[in-house]
Amino acid sequence: LVLDKASTLEVAQKCGIQIPRTKLISNSAELLESVPNLPFPWILKPSRKEMNVEEIKSLTLATRDQVTLKFPKPRDFSPPMLLQEFCRGTGVGIELLIHDGECRAMFQHRRLKEFPHTGGVSVTAIAERPSVELVDMARNLLRAMGWEGPAMVEFKVDPRDGRAVLLEVNGRYWGTIGLPIMAGMDFPFYHWQVVHGQHPVVPEQYAVGTRWRWTAGHLARLNGLLIAARHSRPAREEVHQAFPNPSSFFDTDAHDPLVLASDPMPAIFDVAHILKYLVASDVDAFIKSFFRRIGLQQC
């Protein structure tokens with residue numbers, strides 16, 4: 001149920017949880033057929049979480065031209081893709097540890113910055129006091145799915161009216177797992193204890209306001225902002241704010257759990273991996289753009 005996102009959304013609806021307007025897409029032609037019925041912007045993502053790395057994890061499409069540019073030729077999607085309305089608001093994660101149907105630990109975080117900048121994975125997040133409403137929805141959803149173990153239920157919360165919409169369920173340890181641990185909620189340890197028949201002593205409170213940062217992700221986000229700044233005014237404005245005050249952009253008040261003086265190699269390898277990927281990706285994009293421009297001039 002968790003691996004099949006369409007099934008997750010179906011269970012959520014039965015639990016009375018709001019979900020985005022969603023359509024199952026089997027091929028690229030169906031995207032253009034959806035233009036009259038679903039207003040832009042769109043989010044396109046796989047309907048199933050495959051074990052291999054998907055080519056498209058989450059794609060934002062703002063106009064019909066972007067659709068035709070991204071899919072210039074007919075293409076079938078296997079597995080099918082989910083086409084969803086773009087839900088405005090802030091990403092909020094509710095993390096729960098479920099054992100024998102009971103919630104043994106809970107935590108809430110809010111995304112401050114994401115990669116890509118239009119929405120994606122967290123690069124900066126903050127620990128928040130759990131919302132009773134969101135926790136109840138997450139707990140009811142996981143109970144309806146017969147879930148066992150750790151999971152992060154992701155919502156988009158509109159700050160204007162507090163409307164919460166379910167995005168997905170991550171049935172695994174999540175990318176920001178270092179944040180609850182830093183804040184005093186050690187999910188992996190509690191998980192180990194319950195599966196070994198022990199009774200974990202879980203604190204009633206944790207350090208609300210603890211800030212987490214993924215440094216390598218920030219570099220990838222900055223690279224994306226620089227590329228998007230050519231045609232995006234919000235991206236240009238954020239770039240202009242970042243360079244005079246880089247400490248604000250990288251959120252120096254936050255802590256990257258990988259950055260440890262006693263064990264620096266994980267952080268070094270993480271940044272090196274991201275830089276290698278970004279250089280290769282940018283060079284490839286430049287070469288394609290160069291030859292495309294030459295071809296247009298010749299035409």
Side-chain angles (χ1 to χ4, degrees), residues 17 87-99 102-115 117 119-142 147 149-160 162-194 200-221 247-261 263 266-267 270:
I17 299 172
C87 298
R88 303 191 183 279
T90 304
V92 175
I94 302 295
E95 294 92 6
L96 301 175
L97 174 61
I98 307 294
H99 184 64
E102 297 295 327
C103 178
R104 300 301 181 94
M106 69 177 67
F107 185 83
Q108 176 173 321
H109 80 270
R110 175 167 49 91
R111 294 181 172 186
L112 300 178
K113 288 187 173 69
E114 297 174 303
F115 169 70
H117 70 282
V121 299
S122 297
V123 297
T124 309
I126 186 170
E128 292 189 323
R129 186 171 289 104
S131 161
V132 174
E133 181 183 5
L134 293 180
V135 169
D136 283 346
M137 286 193 289
R139 190 160 38 194
N140 291 339
L141 176 59
L142 293 179
W147 188 256
M152 192 265 277
V153 183
E154 186 177 348
F155 295 94
K156 209 56 163 313
V157 180
D158 192 330
R160 296 172 298 181
R163 175 175 176 260
V165 178
L166 175 73
L167 296 184
E168 63 180 3
V169 175
N170 291 299
R172 52 173 171 74
Y173 281 109
W174 43 97
T176 56
I177 183 61
L179 176 55
I181 294 174
M182 288 191 300
M185 192 65 67
D186 197 339
F187 278 89
F189 181 46
Y190 307 147
H191 189 194
W192 182 90
Q193 287 181 300
V194 296
V201 179
V202 179
E204 294 183 1
Q205 297 180 345
Y206 51 81
V208 172
T210 303
R211 300 167 79 94
W212 168 94
R213 184 186 70 247
W214 177 32
T215 304
H218 261 293
L219 293 174
R221 186 175 188 274
S247 62
S248 174
F249 178 80
F250 283 102
D251 202 342
T252 52
D253 291 334
H255 177 63
D256 185 336
L258 285 181
V259 179
L260 295 172
D263 185 17
D270 193 37

Nearest 0.5 Å, please: how far is [atom2] in [Y] from [atom1] in [X]?
X	Y	atom1	atom2	answer
N170	E154	CG	CD	6.0 Å
T90	R111	OG1	CZ	11.0 Å
D186	I181	CG	CD1	5.0 Å

Which atom pair, heavy atoms only, marks the closest approach of [X] to [Y]?
X	Y	answer
P130	V135	CB-CG2, 3.9 Å
A151	G171	CB-CA, 4.4 Å
A127	A207	CB-O, 3.8 Å
M106	Y206	O-CE2, 3.8 Å
G162	V157	O-CG1, 4.0 Å
M185	A105	SD-CB, 4.1 Å

For the residue pair [X] and [Y], establish whether any side-chain heavy-atom pair is separated by less than 4.5 Å.
X	Y	result
P150	R172	no
F107	I94	no
H218	R213	yes
W147	V169	no
F155	M137	yes
R139	L96	yes
S122	H109	yes
T176	E95	yes

Pair W192 and F187, ring centroids less than 6.0 Å apart: no
Answer yes or no: is there a donor N or O on one side and an acceptor on the other, between the side chain of [X] and the main chain of [Y], under 3.5 Å?
X	Y	result
R221	E114	yes
S131	L134	yes
N140	D136	yes
K156	C87	yes
R104	L97	no
D158	R163	no

Pair Y173, H191: side-chain N/O donor-acceptor within cut-off below 3.5 Å: yes
Check: W212/D256 side-chain N/O donor and acceptor closer than 3.5 Å: no
side-chain contact (heavy atoms from CB on, under 4.5 Å) between W214 and V121, worked out: CA-CA 10 Å; W214 177 32; V121 299; 4.0 Å; yes
Other residues, nucleotides, ligands: >12 heavy atoms within 6.0 Å of R88 CZ: no
Partners meeting side-chain contact (heavy atoms from CB on, under 4.5 Å) with E128 (sequence neighbours left out): Q108, R110, I126
Pair V153-E168, side-chain contact (heavy atoms from CB on, under 4.5 Å): steps then yes or no: CA-CA 6 Å; V153 183; E168 63 180 3; over 6 Å; no
